[in-house]
Amino acid sequence: MTSDFFKYQAQTTPHPLAMTISHAEGSYIYDTNQKGYLDFVAGVSACSLGHRHPKVVEAIKNQLDKYLHVMVYGEYIQEPAVELTKLLASHLPKQLEKTYLTNSGTEAIDGALKLARRVTGRSEIIAAHHAYHGNTMGALSVMGFEERKRAFRPLIPDVRFITFNRQEDLSHITTKTAAVILETIQGGAGFIEPKDGYLEKVRAQCDAVGALLILDEIQPGIGRTGKLFGFEHYNCTPDILVTGKGLGGGMPIGAFTSSSEYMDLLQDNPKLGHITTFGGHPVIAAAALATLKEITESHLMSQTLEKEALIRQHLKHHLITEIRGRGLMLAAIMQSADITNEVVLRCKDDGLILFWLLFEPKAIRISPPLTISNDEIIKGCMIITHVLDSISS
């Protein structure tokens, strides 16, 4: 299996972790030697309810008995997609009422960028340095990390960059700007939160010049920060909301949401302004609907903040310089990148899954399922601390 993995399946790095998976359940992933690994990553924030949550599995099985793919997006009325978008709207500000379902977060980003240009008739997009929004050509164009983009240029034109949290850069948002796209909490940069009313001031500048604000909630969304969406912490509502990852409960999904006035522009002039074959797939929409119901009808969101406090309480070590982020979207910053690499790899050997962030080499990702128990949190923190003790000795 390992040799076939490297021979036939395209890789994304020279040295993948290459663990052969047998099965997964709850907060654990098991390899083919039946070794269990406590999962502090949750598929990079995607498995909101852990692995094979009973309600998600049940929703998938029920839909399998009805129908799978039947028609390209938006032509037929399919109950899982309708109920999912209706439930989303019920938990969002009134102006965020209509949702386009896609196959992934990065496709949703591309759709949001297209919509912003269609609404405003402008071309300029402003993004943030060290931003990550995905890897399609559109999403790559608004990535704020040149090293990852250089080999694929030319990208889409008329993209400018500002520095997240630097308020003096807001003057770059002008009447030429179609949209500003920001992660509500910067992910790849190291889980950087907005501060000093930054998002409110971006919102105000967009309003002043007629630009749209796109907020990327692919990572912080769906309860991970203690509220359903991260923007709820910062008194700022976007014109276009993008989500993905955790919405699917372990299944592939993305979505962008805006007002009916804006979203209806994708219907005509030109027709098929955005089109996808498998977006809103009934099985995936059923899984997402079950996920969203469980998160909004349970105490998981409020417990997320309690679990954050528990992690901060038990994850203290002189090799950790700080813990950034909110809820269960946390990054432990080590004293050096070498320490980060050693901790991630040695914790894997000790039965704990951690991971890196894209652009901050000293960061260790801690984004477990929202369903993780307090005992599992303490167990994981003890493994990390034990490894750090062995490094420092």
Side-chain angles (χ1 to χ4, degrees), residues 24-29 36-60 84 87-88 91-92 105 183-185 187 191 193 216-233 241 243-255 284 286-315 323-332 352-355 357 364-381 384:
E25 195 81 26
S27 300
Y28 283 85
I29 297 173
Y37 299 81
L38 178 58
D39 187 1
F40 261 32
V41 176
V44 188
S45 302
C47 301
S48 303
L49 300 179
H51 300 283
R52 300 187 68 252
H53 190 280
K55 291 184 179 178
V56 176
V57 172
E58 180 184 15
I60 291 170
L84 172 60
L87 184 59
L88 266 175
H91 290 283
L92 285 168
E183 299 159 273
T184 306
I185 298 174
F191 292 2
E193 291 190 78
D216 177 346
E217 291 266 356
I218 294 170
Q219 284 201 71
I222 318 301
R224 185 155 289 279
T225 66
K227 294 184 180 291
L228 191 58
F229 292 101
F231 70 78
E232 297 176 76
H233 294 287
L241 170 70
T243 188
K245 284 188 184 295
L247 179 61
M251 298 290 275
I253 196 169
I284 294 169
L289 178 60
T291 299
L292 189 59
K293 282 183 176 179
E294 180 66 12
I295 290 174
T296 55
E297 294 174 4
S298 69
H299 297 291
L300 284 173
M301 280 193 283
S302 61
Q303 291 171 358
T304 292
L305 298 178
E306 297 168 8
K307 291 170 182 178
E308 174 194 354
L310 193 64
I311 290 171
R312 291 183 181 275
Q313 175 187 344
H314 287 274
L315 197 57
I323 297 178
R324 299 177 186 161
R326 185 181 290 241
L328 291 179
M329 183 179 176
L330 301 175
L352 176 68
I353 295 176
L354 300 169
F355 211 58
L357 294 183
I364 293 174
R365 168 187 288 275
I366 300 174
S367 58
L370 307 190
T371 50
I372 194 169
S373 70
N374 289 350
D375 286 345
E376 289 168 338
I377 286 174
I378 294 170
K379 176 182 176 181
C381 290
I384 297 171

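Numbers here are sequence positions counted from 1.
A search for ring-ring contact (aromatic ring centres under 6.0 Å, His included) contacts involving Phe40 returns nothing, not counting sequence neighbours. Listed by chain and residue number, Ile185, Tyr234, Arg326 satisfy the side chain to side chain contact (heavy atoms under 4.5 Å, CB included) test with Glu193 (two or more places apart in sequence, or in another chain). With sequence neighbours excluded, the residues that form a salt bridge (Lys or Arg N to Asp or Glu O under 4.0 Å) with Glu308 are Arg312. For Phe231, the ring-ring contact (aromatic ring centres under 6.0 Å, His included) test picks out Phe229, with sequence neighbours left out. By the salt bridge (Lys or Arg N to Asp or Glu O under 4.0 Å) test, Glu58 pairs with no residue at all, sequence neighbours left out. Residues meeting the salt bridge (Lys or Arg N to Asp or Glu O under 4.0 Å) test with Lys55, sequence neighbours left out: Glu294.
Of the possible donor and acceptor atoms, one in the side chain of Glu217 sits under 3.5 Å from a partner among the backbone N and O of Gly230. Remark: side-chain polar atoms of Thr243 are not paired, donor with acceptor, to backbone N or O of Ile218 under 3.5 angstrom. Side-chain N or O atoms of Arg224 include one that pairs as donor or acceptor with a backbone N or O of Pro368 at under 3.5 Å. Of the possible donor and acceptor atoms, none in the side chain of Lys307 sits under 3.5 Å from a partner among the backbone N and O of Ile377.
Here the closest heavy-atom approach between residue Ala287 and residue Gly248 is recorded as CB-O, 3.8 Å. Taking both residues in full, the closest heavy atoms of Pro220 and Thr184 are given as CG-CB, 4.3 Å, listed atom of the first, atom of the second, then distance. Across all their heavy atoms, Ala286 and Ala59 have their closest contact at O-CB, 3.6 Å. The nearest pair of heavy atoms linking Ile222 to Gly246 is CG2-O, 3.8 Å. Looking at every heavy atom in both residues, Asp39 comes nearest to Gly43 through OD2-N, 4.1 Å.
Inter-residue side-chain proximity for Ile366 and Ile323 is flagged as unmet; no heavy-atom pair is nearer than 4.5 Å. Looking at Ile295 and Met301, their side chains come closer than 4.5 Å, going by heavy atoms from C-beta outward. A heavy-atom distance below 4.5 Å is found between the side chains of Ile253 and Leu84.
Between Thr225 and His233, the side chains place a donor N or O and an acceptor N or O closer than 3.5 Å (distance only, hydrogens not considered).
A distance of 11.5 Å separates OG1 of Thr291 from CD1 of Ile284, quoted to the nearest 0.5 Å. Taking CG from Leu354 and OG from Ser367, the interatomic distance works out to 9.5 Å, rounded to the nearest 0.5 Å. Taking CD of Glu306 as the start and CG of Leu328 as the end, the distance is 11.0 Å to the nearest 0.5 Å. Summarising the geometry, atom OG belonging to Ser302 is positioned 10.5 Å from atom NZ belonging to Lys227; distances are rounded to the nearest 0.5 Å. With rounding to the nearest 0.5 angstrom, the OG atom of Ser27 is 7.5 Å from the NE2 atom of His51. Atom-to-atom distance recorded for Leu247:CG and Leu292:CG is 6.5 Å, nearest 0.5 angstrom.
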| Can you list the steps and then say if Val44 with Arg365 is a side-chain contact (heavy atoms from CB on, under 4.5 Å)? | CA-CA 8 Å; Val44 188; Arg365 168 187 288 275; 3.4 Å; yes
| request: Take Leu38 and Tyr28 through the side-chain contact (heavy atoms from CB on, under 4.5 Å) test and state the conclusion after the steps. | output: CA-CA 5 Å; Leu38 178 58; Tyr28 283 85; 3.9 Å; yes
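Applying side chain to side chain contact (heavy atoms under 4.5 Å, CB included) to Ile384 and the options Leu352, Ile311, Ile364 leaves one that passes, Leu352.
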